[in-house]
Amino acid sequence: MAQQSLIYSFVARGNIILAEHTSFSGNFSIIAVQCLQKLPSNSNKFTYTCDNHTFNYLVDDGFVFLVVADEAAGRQVPFLFLERVKEDFKRRYGGRAETSMAHSLDKDYGPILRDHMQYCMDHPEELSKFSKIKAQVSEVKGIMMDNIEKVLDRGEKIELLVDKTEGLQFQADNFQRQGRQLRRKMWLQNLKFKLIVLGIVLVILLIIWLSICNGFSCR
C-alpha cells in the first residue's frame, strides 16, 4: 500500500452524506460527521488533525467533499483528490444530486471513490504536475479576460466619442467616417487578439497532452 494513504472519503449535500467509501476499520466516519456539522462558513477548504490523521474538507456550491488521510500525506495529495472527485461527481450527477437521499449513491459512487483514492495514492507526482499545468491555464485565462475587458472599454469610449460628434452638423460626415474606420480597426485588433489567445490555448493543450501522455503516443 502507498505510504500516503487515503483512508476514508464521502460526498455530502450539506450534512447529508450521499456516498462514502473506506477499506479500513475505525471511527473515521463518526469523527468526520461530527466535524462536518461544525464547518465554519468563512472558507471552502478545511483541515482538522486527530490521532495522526487529517480530515480534509472541500466545500463547493452546497456540497462537501471529504477525505481522511495519514498525516504524513500532507495536504497536497488529499486536496488534489478532492478536486478530482468534485469535478467527476458534478459531471456524473449534476442536478440529480440536489434531490438524492442519504447514502442513496453509496452503491453507485462508492466504488468510484475507491478508484479515485487508489489512483491518487499511486500517481502523486502525476497529480502534482497536472495541478501546476491547470494553475498555469487559469492564470492565462485570467490575463486573457483582463485584456478583453480593456479592449471592450476602449471600444465603448470610441463609440461614445463618435456619438457626441454626430451632433455637430458641419463635421458629421467626417466624424462618422472616422468612427467607422476606428471601429473597423478595433474589430481587426479584436480578431488578431482572439487568434493569439486561440494559439496560446492550443499550445497549452498540447503541453498538457504531452505531459500526460509522455509524447504524442498516448496509451
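- Inter-residue side-chain proximity for Y48 and H53 is flagged as unmet; no heavy-atom pair is nearer than 4.5 Å.
- A donor-acceptor pair is defined here as one N or O able to donate and one able to accept, closer than 3.5 Å; no such pair exists between the side chain of S5 and the backbone of I7.
- Annotation: side chain of L105 is not in contact with side chain of V11 (no heavy-atom distance under 4.5 Å).
- A perpendicular orientation is assigned to the rings of F10 and Y8, their planes being inclined by more than 60° (bins at 30° and 60°).
- A pairwise comparison of heavy atoms in I31 and C50 identifies CD1-SG, 4.2 Å as the closest pair.
- Here the closest heavy-atom approach between residue C120 and residue R84 is recorded as SG-CD, 3.9 Å.
- Shown here for F55 and F28, the closest heavy-atom pair between the two residues is CE2-O, 3.6 Å.
- For the pair L6 and M121, the tightest heavy-atom approach, listed with the atom from each and the gap, is N-SD, 3.2 Å.
- Between V64 and L58 the shortest side-chain heavy-atom distance does not fall below 4.5 Å.
- You'll find the side chain of N52 stays beyond 4.5 Å of the side chain of D70, heavy atoms only.
- Residues meeting the salt bridge (Lys or Arg N to Asp or Glu O under 4.0 Å) test with R91, sequence neighbours left out: D88.
- In this structure, the side chains of F89 and I112 stay at 4.5 Å or more apart for every pair of heavy atoms.
- Counting only heavy atoms from C-beta outward, the side chains of D61 and K90 approach each other to under 4.5 Å.
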Kindly determine whether Y93 and S100 satisfy side chain to side chain contact (heavy atoms under 4.5 Å, CB included), including the steps that lead there.
CA-CA 10 Å; Y93 296 102; S100 297; 5.9 Å; no
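- The two residues S9 and L113 have their closest heavy-atom pair at OG-CD2, 3.7 Å.
- Under the 4.5 Å side-chain criterion, counting only non-hydrogen atoms from C-beta, I207 is in contact with V203.
- Closest approach of P78 and N56 over heavy atoms only: CB-ND2, 3.6 Å.
- Ring geometry, Y109 versus H116: the interplanar angle falls from 30° to 60°, so the pair is classed tilted.
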